[in-house]
Amino acid sequence: MESLHPRVRLLWVGRTAIGATVLLGLVAAVDRLLISLPLEVAISGWAVLVAVGIVHSILAHRIWRFKLEDDALFLVRGVLTRTDTSVPYVRVQHVDTTRGPVERAAGLASVVVYTAGSRGADITIPGLAPERATELRERLRDLAGESEATDAV
Amino acid sequence: MRRLHPRSAVVQVARASLQGAFLGFFVGTALAGMLGIPRVAIPLLAPLGAVITGGLALARYYRFQYEIAGDTLAVQSGVFARQSREIPLGRIQNVDTKQGVLNRLLGLSVVAFETAGGSTTEATLDAVDQSEVERLRRLVHRHGGDDADRAVPETDGDEATAQSAHEDASEPTADSVEELFHFDFSDLLTYALVSVRPAAPVLLLAGLPLGIDIIETVLRTNFELIGAEASFSPAVLTQFSPPQLVAFAVLTLVQFVAAALVLSIVLTVVEYYDFSLVRDGDDLRYQRGFLRRYSGTIPLSKVQTVSVRENVLMRQFGLATLVVETAGYSGGSQQSTQGVAIPMAPRESVYELAHDIEPFETIEFERPPTRARRRYAARFSILVGVVTAIGYAVDTLFLASGYWWVLGGLFALVPPAAHLRWRHRGFALDDDVLATQTGFWRQTTRIVPYYRIQTVFVGRSPFQRRRSLATVTADTASSNSLLGGSATAYDVDEGTATDLRDELRKRLYTDLLARRADRDSVTE
């Protein structure tokens with residue numbers, strides 16, 4: 001089973017840190033403008049959030065696995081709720097590679113697989129090296145293309 | 001290219017003109033001072049507004065053109081921003097019609113074409129007359145018939161279906177229309193009584209401007225009934241003794257429930273009046289409605305899932321609801337009623353029709369392992385604990401009755417509740433379909449043919465992991481995602497879950513290959 005790129009942990013921690021900082025900024029603004037809030041509590045809250053984010057990222061990266069099996073794309077993810085997902089190739093409508101701004105800064109990319117399902121309409125594999133992402137996208141397209149168009153629904 | 005029916009043009013122009021007149025009058029008089037319009041001109045604002053909007057509506061009517069040519073539906077519309085759309089007929093999942101009271105009087109219907117995967121209707125024709133509706137349905141149906149040669153709909157009688165599709169294509173007038181089900185008024189009333197939709201109607205009432213006044217009056221009357229002055233303010237509540245407060249709460253609750261019941265019954269009767277279900281070749285077609293008339297087609301070749309729903313009351317009387325889900329969207333206010341093939345009928349009839357649509361053997365459900373009951377018991381206990389804690393807080397802070405511990409009595413309900421939930425969950429792997437069942441108050445049995453399965457998920461929450469349980473979900477393309485769309489086997493043993501997942505993946509492929517083989521042999 002293939003793992004995600006180790007740098008994705010940095011990406012996830014970065015995202016948590018940004019979110020926590022935004023929250024802290026909001027609290028500071030409220031403190032300045034409306035009612036006084038205990039800023040020491042807010043800052044320690046920020047530290048807690050980031051710490052939890054770091055632990056979560058490490059665990060999530062350890063758990064995230066995917067594999068191109070014979071009939072389906074198989075992936076395992078989730079820290080609290082462990083979910084394994086099987087996307088049959090014959091159900092793949094199309095495949096995209098995407099790179100958000102933060103991802104680009106980290107030098108990573110994601111692959112998004114679209115199906116006709118209602119619950120799992122798009123499955124994302126984050127944190128791949130860009131070349132690997134393109135390779136994976138092409139491979140999935142080939143595997144999906146081997147099946148008839150009418151079988152997708 | 002055709003235009004919409006001229007009568008609909010009259011309606012649209014008239015409606016637009018009225019709106020324009022009102023707009024012109026009110027906005028005009030409001031802004032007259034600012035814009036410096038001379039007094040003399042003010043009476044002309046209304047007709048001017050009418051002419052402008054009416055003219056726009058007329059232009060829109062002339063610009064809206066549509067036609068079914070070959071295997072595409074083409075629609076052109078728009079006065080300023082021209083829009084041209086081509087929809088392959090094979091992509092059209094449902095053809096639904098709607099008739100408001102006015103349109104019914106004029107003999108017109110609004111036609112909506114739905115395709116898979118879209119969140120909005122692909123094309124709407126507002127409005128056409130009945131013969132045009134039939135013509136459009138036939139053309140879409142006939143094209144669906146051609147597709148049936150290639151995408152075999154059922155595993156048995158494939159050749160027969162392909163042959164009849166051929167016949168349908170060459171003799172459109174020889175369609176056999178078979179009535180499957182009809183609701184007479186007493187059945188309709190029973191259905192309305194048994195399928196109550198509690199809170200929604202009353203919340204609707206509260207939203208209306210008059211509704212707030214009604215609620216206020218009712219609450220004030222309740223105050224008087226329990227022997228207090230009719231001054232209506234929250235502070236008054238602290239003057240009451242606990243028994244009075246309880247009486248007040250109970251009275252208000254009973255009134256709320258009664259009002260909700262009555263409204264729900266009335267709404268259901270109005271929506272399902274004169275419900276009929278017919279089978280037209282490869283389509284199921286239903287009609288319903290008292291004021292507004294709805295009709296929809298459910299193409300059998302596009303069925304993703306068949307669900308049988310039975311709430312507690314229905315089960316007592318041996319009744320059930322049949323819902324047929326396709327990949328068409330189910331958005332808008334009709335979300336909960338989209339795809340309802342039979343609102344209510346004896347269980348045997350419902351299962352018979354389900355069997356016609358998607359063949360399966362008698363289903364024996366495999367229940368979750370008994371340790372799942374402990375999980376449910378734990379969950380419900382936590383819930384009761386939270387409720388008791390809230391009750392304690394409310395009591396100490398507000399009521400001071402000292403009776404909060406009565407809520408602890410709810411713990412006695414936890415074991416039977418856990419057992420009932422366990423007993424009403426299960427799954428079955430049939431020859432052709434996966435069946436899942438869940439729910440006590442509203443039991444839903446979902447039947448998914450293997451070749452309709454999309455993605456398969458196996459989820460394990462921390463609590464499930466502790467007990468070696470897992471939940472398996474088979475996703476489908478049916479867009480009824482609020483009420484379903486995926487068949488879920490809850491709290492299955494971990495080993496069984498991985499086996500089930502692998503089995504579903506395998507059967508999906510073998511079923512698809514079998515259908516492809518049949519399809520190729522038919523066309524050769």
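So that the names make sense, note that chain A is the first sequence line, chain B the second, and so on, each numbered from 1. Here the structure is a predicted model, which means the values were calculated and not measured.
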Asks: Which atom names give the shortest non-hydrogen contact between Phe457(B) and Asp475(B), and what distance separates them?
Replies: CE1-CB, 4.1 Å
Asks: Can you name the closest pair of heavy atoms from Thr436(B) and Ala487(B) and give their distance?
Replies: OG1-CB, 3.6 Å
Asks: Would you confirm whether Thr297(B), through its side chain, and Val95(B), through its main-chain N or O, come within 3.5 Å as a donor-acceptor pair?
Replies: yes
Asks: Thinking salt bridges, do Arg139(A) and Glu135(A) make one under a 4.0 Å N-O criterion?
Replies: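 No, no charged N to carboxylate O under 4.0 Å.
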Asks: Under a 4.5 Å heavy-atom cut-off, does chain A meet the side chain of Thr471(B), its backbone, both or neither?
Replies: neither
Asks: Quick one: what part of Ile123(A) sits under 4.5 Å from any heavy atom of chain B, side chain, backbone, both or neither?
Replies: side chain
Asks: Please find the pair of heavy atoms, one from Thr97(A) and one from Ala133(A), that lie closest to each other, and give the distance.
Replies: CG2-O, 3.6 Å
Asks: Using salt bridge (charged side-chain N to carboxylate O under 4.0 Å, His left out) as the criterion, point out the one residue from Arg505(B), Lys506(B), Arg507(B) that pairs with Asp71(A).
Replies: Arg505(B)
Asks: Under 4.5 Å from any heavy atom of chain B, what part of Tyr114(A) do you find: side chain, backbone, both or neither?
Replies: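 For Tyr114(A), neither part sits under 4.5 Å from chain B.
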Asks: So which of Thr81(A), Val87(A), Asp84(A) has the biggest tally of heavy-atom pairs under 4.5 Å with chain B?
Replies: Asp84(A)
Asks: Salt bridge check, Glu2(A) against Arg132(A): does any charged N sit closer than 4.0 Å to a carboxylate O?
Replies: yes
Asks: For Arg467(B), does its backbone N or O pair with a side-chain atom of Arg371(B) as donor and acceptor, under 3.5 Å?
Replies: yes
Asks: Heavy atom to heavy atom, less than 4.5 Å: which residues from residues 5-31 of chain A reach chain B?
Replies: none
Asks: Below 4.5 Å from any heavy atom of chain A, which atoms of Ile453(B) appear? Answer side chain, backbone, both or neither.
Replies: backbone
Asks: Select one option (side chain, backbone, both, neither) describing which atoms of Val79(A) are under 4.5 Å from chain B's heavy atoms.
Replies: backbone
Asks: So, for Ser110(A) and Gly127(A), which heavy atoms are closest and what is the spacing to 0.1 Å?
Replies: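 Minimum heavy-atom separation between Ser110(A) and Gly127(A): OG-N, 4.2 Å.
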